[in-house]
Protein chains: 2
Amino acid sequence: MATTAKASPRDRLLDAAAQLFYRDGVSIGVEALCRSAGVSKRSMYQLFESNDEMLAASLERRRAWYEAQLTPPDSASDTPRERILYVFRRLEQASAAPDYRGCPYLAVLVELKDTEHPASAVARDVKDHLESGFRTQAERGGARDPRLLARQLMLVFDGAGARAGARIETLADGLATGTVTALMDAAGMK
Amino acid sequence: MATTAKASPRDRLLDAAAQLFYRDGVSIGVEALCRSAGVSKRSMYQLFESNDEMLAASLERRRAWYEAQLTPPDSASDTPRERILYVFRRLEQASAAPDYRGCPYLAVLVELKDTEHPASAVARDVKDHLESGFRTQAERGGARDPRLLARQLMLVFDGAGARAGARIETLADGLATGTVTALMDAAGMK
DNA sequence: GAGTTGGGAAACCGATCGGTATACAGGGTG
DNA sequence: CACCCTGTATACCGATCGGTTTCCCAACTC
């Protein structure tokens, strides 16, 4: 009946990986990972080339979900400004969860200081995609310099995520949305 | 003659720690650390209680230098706005160095996801101190909500540092200073 | 010269790292 | 039935982890 018990080893591995890497960092270890996923190391090493590739795959797998999380359900009615604010409202909501640890993609980039790591490439991709989404809305909204505004929004997004994740800031009072509102105003966005 | 060869084991250890933790992350290991410092593990463990305390001590040691780095040489002439911009100009300059890896204190908070870790407390302290410096200047500059502006500046500071350190952003064109200028303007700061 | 001390070299502890190899149990297909 | 294919369990590899301990030498004090 329930499909829950029938997840493939691959899926169980990727799900456990995403969870453990996020909660405990990238240095979790193959041993703990496989134990948590209920998969033997042998199976893992014939599904993935290495631990590094596993990490990259688990990030890639979460990507669609992560981006959907930040994308407003498209009602043609909402303005570019609204669509941008939606992203930051979601960030503020997510950061309220007790197990929030910041953006997993930024965290991976910080922890793996190696820019050549396969997982770093995935993380950069996700970041670039978000930024280009901001730029698109900035253009639609008539910002004076859409690319500049998009980069500013990314500073706020990553700064807010990191600080909330590290528990040195709380976004509960609308700090992020307030800040980006000021920046969009300053950029002449309607 | 040269005092360079006479650094105490403690100092050699702390300096090597600061360097290696910054370059390679907090998972460096006691072995590599002592080798790099030219100090035996025995000496290290009678100077510090544990590896964790060592990390905290090395962060604490760098603290004065780090904060001085961001503090303008006080000429009574410069405005609060100038003093804030000075911080972000220094950030932009520092981020241009090829071995720049972002703010070491934020990195530690991200890597050690444990908020109870002794090093996390040091890092939080440094961040709080910077924020309160911003607030002081915001008050002096007549910002409508000094505390809010200070928090916004911290978002930009940490976002810019993290993104530049991860090599997904370049601050060379004045992105950070431009952004905080817009925020200070919006806050009604003179 | 005798005694004390600081600190480096290195062995050692059990645990874990990433990764490999061997052995075996279950399910389909002939 | 035999056959193969997945996947688990497990032992194993050399290396490293944080941390402790032993040994010994060089510099200092008396």
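Naming convention: chains lettered A, B, ... in sequence-line order (proteins, then strands); numbering from 1 in each chain.
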(request) Please list, in 5' to 3' order, the outermost nucleotides of DNA chain C lying under 4.0 Å from any heavy atom of chain B. (result) dG7(C) to dA9(C)
(message) Any non-hydrogen side-chain atom of F21(B) less than 4.5 Å from a side-chain atom of P104(B)?
(response) no
(message) Check this for me, if you would: do D15(B) and R10(B) make a salt bridge, where the nitrogen-to-carboxylate-oxygen distance has to be below 4.0 angstrom?
(response) no
(request) Return yes if some donor-acceptor pair links the side-chain N/O of T136(A) with the main-chain N/O of S132(A) below 3.5 Å, else return no. (result) yes
(message) Under the salt bridge (Lys or Arg N to Asp or Glu O under 4.0 Å) definition, can you give me all pairs with a residue in residues 120-133 of chain B, not counting sequence neighbours?
(response) R163(A)-E131(B), R63(B)-D125(B), K127(B)-D158(B), E131(B)-R147(B)
(message) Can you list, in residue-number order, the parts of residues 46-53 of chain A that come under 4.0 Å of DNA chain C, counting heavy atoms only?
(response) S50(A), N51(A)
(request) List for me each residue that meets salt bridge (charged side-chain N to carboxylate O under 4.0 Å, His left out) alongside E53(B), sequence neighbours excluded, and say none if there are none. (result) none
(message) Does any part of the side chain of P146(B), heavy atoms only, come nearer than 4.5 Å to the side chain of F134(B), both counted from C-beta?
(response) no
(message) To the nearest 10°, give me the bend of the helix from dG1(C)-dC30(D) to dG30(C)-dC1(D), comparing the axes of its five terminal pairs at either end.
(response) 10°
(request) Only counting residues at least two apart or in another chain, list the ones meeting side chain to side chain donor-acceptor pair (under 3.5 Å) with D24(B). (result) none
(request) Give a yes or no on whether a salt bridge exists between D185(B) and K190(B), defined as a side-chain N under 4.0 angstrom from a carboxylate O. (result) no
(request) Go through the structure and list residues passing salt bridge (charged side-chain N to carboxylate O under 4.0 Å, His left out) with D52(B), not counting sequence neighbours. (result) none
(request) Give, ordered by number, those residues of residues 12-31 of chain A having at least one heavy-atom distance below 4.0 Å to an atom of DNA chain C; if nothing qualifies, reply none. (result) I28(A), G29(A), V30(A), E31(A)
Which donor-acceptor pairs under 3.5 Å do side chains of residues 32-41 of chain B form with protein atoms, sequence neighbours excluded?
unit_1 : atom_1 : unit_2 : atom_2 : d
S40(B) : OG     : S43(B) : N      : 3.2
S40(B) : OG     : S43(B) : OG     : 3.0
K41(B) : NZ     : E31(B) : OE1    : 3.3

(request) Please name all residues satisfying salt bridge (charged side-chain N to carboxylate O under 4.0 Å, His left out) with D114(B), sequence neighbours left out, ordered by chain then number. (result) none
(message) Check this for me: does any side-chain nitrogen of one of E67(B) and R62(B) sit under 4.0 Å from a carboxylate oxygen of the other?
(response) no
(request) Name every residue in residues 36-44 of chain A that has at least one heavy atom under 4.0 Å from any atom of DNA chain C, in order of residue number, or write none if there are no such residues. (result) K41(A), R42(A)
(message) For dG19(D) and Y45(B) - does any side-chain N or O of the residue sit under 4.0 Å from the phosphate oxygens OP1/OP2?
(response) yes
What pairs of donor and acceptor atoms, side-chain ones from residues 148-157 of chain A against any protein atom, are under 3.5 angstrom apart with sequence neighbours left out?
unit_1  : atom_1 : unit_2  : atom_2 : d
R151(A) : NE     : E169(B) : OE1    : 3.2
R151(A) : NE     : E169(B) : OE2    : 3.1
R151(A) : NH1    : D173(B) : OD2    : 2.7
R151(A) : NH2    : E169(B) : OE1    : 3.0
R151(A) : NH2    : T170(B) : O      : 3.0
R151(A) : NH2    : D173(B) : OD1    : 3.2
R151(A) : NH2    : D173(B) : OD2    : 3.3
Q152(A) : NE2    : T179(B) : OG1    : 3.2

(request) Indicate, with yes or no, if the rings of Y100(B) and Y22(B) have centres closer together than 6.0 Å. (result) no
(request) Check whether any side-chain heavy atom of P72(A) sits under 4.5 Å from a side-chain heavy atom of E82(A), and report yes or no. (result) no
